[in-house]
Amino acid sequence: MCGIVGIVGRSEVNVRLYDALTMLQHRGQDAAGIATCDNGKVYQQKGNGLVKDVFRTSHMERLVGTMGIGHVRYPTAGSSSPALAQPFYVNSPYGISLSHNGNLTNSEELMEQLFKTGLRHVNTDSDSEVLLNIFAFELQQRGKLIPEAEDIFASVAKLHEYCRGAYAVTAMIANYGIVAFRDPYGIRPLVFGKCETEQGVEYMIASESVALDVQGFELVRDVLPGEAIFIEPDGTFHSKQCATNPSLVPCVFEHVYFARPDSIIDGISVYKARLRMGEKLAEKIERLRPDHDIDVVIPVPDTSRVAGQILAHNLGVKFREGLMKNRYIGRTFIMPGQTQRKKSVRQKLNAIELEFQGKNVMLVDDSIVRGTTCQQIIQMARDAGANKVYFASASPAVKYPNVYGIDMPSANELIAHGRSDEEVCKEIGADWLVYQDIEDLIESTRGEYAEIENFECSVFDGDYITGDVDQGYLDRLDARRNDAAKAKSNAASADNSGTFTG
């Protein structure tokens, strides 16, 4: 899961790109990057770390131009090497920079085809670089000295034919404009907005609407699944459906965990979706335990707060902020390694004993993935004097790997894989565990937005929408991307930190 942004402005866009990436920082903490264009020249700054650490005043002064793209990275495929920070760049044709959110499921096959048919060299193991080279190759095949909108749309259409998986993309073609497109299922989110200025209209494209809000851009709509938009430097706007059979099947985990509650993606308010999740969870608790003895509901900060508030209200019990969060520790779910995740939980959260002592506590979290966080939090609650500790998950049990851009590659690292709810409850040390039902999650997320018939729910039900994921694929994915493999890859990256990477 990553955050992407693109701006075509009437004035310098460097600071606005920086601010937008800061608003999308929750989507990736591993690396950040910005590329801008001025008079045909591309300027770029990227590196490992948070947005505030990657960009200095000297970098911002160098990132000149009235159009640009940005990226915050969350590592799923590959290591955390600086070479994997985006945007990626190729000089032919025209000079193209690209930022990608998602994950291709056939990147190895595509990498081989790229070399055989186009003699193109891919320098990293990133599927984003593969995607960039396919787009560049197809655009070059058009053979135009000056690309037009139809050339770009034809290239995206060919890309859709080759690429499988999840991808939301912003790309900048030096001199000619910014392109954005989304996979035919719209698995990863992408929205765009505009702003009227005295100099003319400006456009912004981003992973979430919150990045537009803070910059004064009015949300126009989502980029449709399979659609591409192209915005020229003068603000001329083009759009076209480039996929044969597009169908909106967005990732439900965006609403569960990744997106900010103040965002609207695919026409759905993330905040309202989480409210409904809490309502449904309260209904299930009352159904299973009408005579429950819960004294207080305490959310696990921050994503479960909205669901926890309405759950407590509907159960008629107190809601308290019993866990205080250290704002300077990142999101533990996206920490790159189990050891780091375990260490970060205790650094991130501290219990207020007054809210736990002698009480039957219902802890609420958005999900249970590896079980690392909830195990430690439940123990923290007991150490703080809780009488009983119940645990509620606003989403169903995560039992299957994710292949579309979320770091859940290994089934063996998922605590619910191969275990019953009772076994998970015992494993995490709770007195009772209740999961959201998948039907309730889907209904909560959809709300009244009837245009979405289905959601991508593979982590819960094992149904992979792209139809190209079998056990063999999952085994290969596990071997490359489980925590042990990542640790080995990152160690190798550190040893080769002086190697030229282009």
Side-chain angles (χ1 to χ4, degrees), residues 252-253 256-258 274 277-278 280-289 292-294 297-301 303-304 307-308 311 315 323 331-335 337-339 341-342 344-346 348-349 351 356 360-383 386-402 406-442 444 457-463 474 478 482-483:
V252 75
F253 215 74
V256 170
Y257 175 81
F258 273 102
R274 290 178 184 167
M277 290 176 203
K280 292 292 185 183
L281 202 50
E283 290 174 9
K284 183 173 183 180
I285 291 170
E286 288 185 317
R287 187 170 66 249
L288 295 177
R289 294 198 174 185
H292 68 79
D293 58 353
I294 301 167
V297 170
I298 294 178
V300 177
T303 44
S304 61
L311 183 147
L315 291 180
L323 295 167
R331 303 177 88 178
T332 51
F333 178 85
I334 59 177
M335 290 290 178
Q338 187 75 340
T339 301
R341 282 188 288 268
K342 286 182 177 179
S344 295
V345 173
R346 284 286 183 173
K348 184 174 78 168
L349 297 175
F356 289 90
N360 297 333
V361 178
M362 169 65 80
L363 294 171
V364 182
D365 207 351
D366 53 78
S367 59
I368 304 173
V369 181
R370 294 168 176 87
T372 307
T373 301
C374 58
Q375 284 173 335
Q376 295 190 53
I377 291 173
I378 289 168
Q379 188 57 52
M380 287 169 62
R382 295 198 188 282
D383 293 343
N387 180 36
K388 292 180 181 178
V389 182
Y390 307 131
F391 204 95
S393 170
S395 62
V398 176
K399 295 186 175 183
Y400 303 95
N402 183 276
I406 303 177
D407 190 20
M408 303 176 191
S410 174
N412 293 329
E413 292 171 4
L414 306 174
I415 194 169
H417 180 75
R419 291 188 176 97
S420 66
D421 292 357
E422 291 74 19
E423 289 170 330
V424 174
C425 182
K426 183 178 180 180
E427 191 75 17
I428 64 176
D431 292 297
W432 182 48
L433 168 64
V434 57
Y435 281 110
Q436 185 86 265
D437 292 332
I438 192 165
E439 296 82 9
D440 287 343
L441 175 64
I442 291 171
S444 299
C457 299
S458 57
V459 296
F460 305 123
D461 60 15
D463 182 14
L474 294 176
D478 181 14
N482 61 41
D483 280 342

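The structure displayed is predicted, hence computed values, not measured ones. For this chain, numbers begin at 1 and follow the sequence in order.
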| remark: The reported gap from OG in S304 to CG in D365 (rounded to nearest 0.5 angstrom) is 5.0 Å

| note | For N402, the side-chain contact (heavy atoms from CB on, under 4.5 Å) test, sequence neighbours excluded, returns Y404, I406, M408, E456, S458, V459

| query | Any idea which heavy atoms bring A416 and V398 closest together, and the distance? | reply | CB-O, 3.5 Å

| field | Parallel, tilted or perpendicular: ring planes of F460 versus F253, cut at 30 and 60 degrees | value | tilted

| said: Test of understanding: with side-chain contact (heavy atoms from CB on, under 4.5 Å), list the residues that count as partners of K280, not counting sequence neighbours. | reply: E283, Q436, D440, E443, S444

| field | Counterpart residues, salt bridge (charged side-chain N to carboxylate O under 4.0 Å, His left out), relative to K388 (two or more places apart) | value | D293

| request: Could you walk me through whether K399 and L414 pass side-chain contact (heavy atoms from CB on, under 4.5 Å), step by step? | output: CA-CA 6 Å; K399 295 186 175 183; L414 306 174; 5.9 Å; no

| Closest non-hydrogen atom pair between P396 and S393, with its separation | O-OG, 4.4 Å

| Side chains of H292 and N360: closer than 4.5 Å at any heavy-atom pair? | no

| query | Does a side-chain heavy-atom distance below 4.5 Å link E413 with D407? | reply | no

Sequence neighbours left out, cut at 3.5 Å: what donor-acceptor pairs do the side chains of residues 423-433 make with other protein atoms?
unit_1	atom_1	unit_2	atom_2	d
E423	OE1	S420	N	2.8
E423	OE1	S420	OG	3.4
D431	OD2	R382	NH1	3.3
D431	OD2	R382	NH2	3.0
D431	OD2	V389	N	2.7

| query | Can you name the residues that form a salt bridge (charged side-chain N to carboxylate O under 4.0 Å, His left out) with D461, not counting sequence neighbours? | reply | none

| request: Answer whether the closest heavy-atom distance between the side chains of V300 and V364 falls below 4.5 Å. | output: no

| What do the steps show when you test Q375 against I415 for side-chain contact (heavy atoms from CB on, under 4.5 Å), and what is the final call? | CA-CA 11 Å; Q375 284 173 335; I415 194 169; 4.1 Å; yes

| Results of side chain to side chain donor-acceptor pair (under 3.5 Å) for D437 - residues two or more places apart only | K284

| query | Is there side-chain contact between P401 and D478, with heavy atoms separated by less than 4.5 Å? | reply | no

| task | Answer whether the closest heavy-atom distance between the side chains of Y390 and I285 falls below 4.5 Å. | result | no

| message | Can you tell me how far apart CG (L363) and CZ (F356) are? Round to the nearest 0.5 Å. | response | 5.5 Å

| request: Calculate, to the nearest 0.5 Å, the distance between atoms CG and CZ belonging to D366 and R274 respectively. | output: 7.0 Å

| said: So, taking the atom named CD1 in I377 and the one named CD1 in I298, what distance separates them when rounded to the nearest 0.5 Å? | reply: 11.0 Å

| request: Apply the test side-chain contact (heavy atoms from CB on, under 4.5 Å) to residues F391 and I368: give CA-CA distance (whole Å), side-chain angles for both, the deciding distance (0.1 Å), then the verdict. | output: CA-CA 10 Å; F391 204 95; I368 304 173; 3.8 Å; yes

| field | Working for side-chain contact (heavy atoms from CB on, under 4.5 Å), residues R289 and I294 | value | CA-CA 10 Å; R289 294 198 174 185; I294 301 167; over 6 Å; no

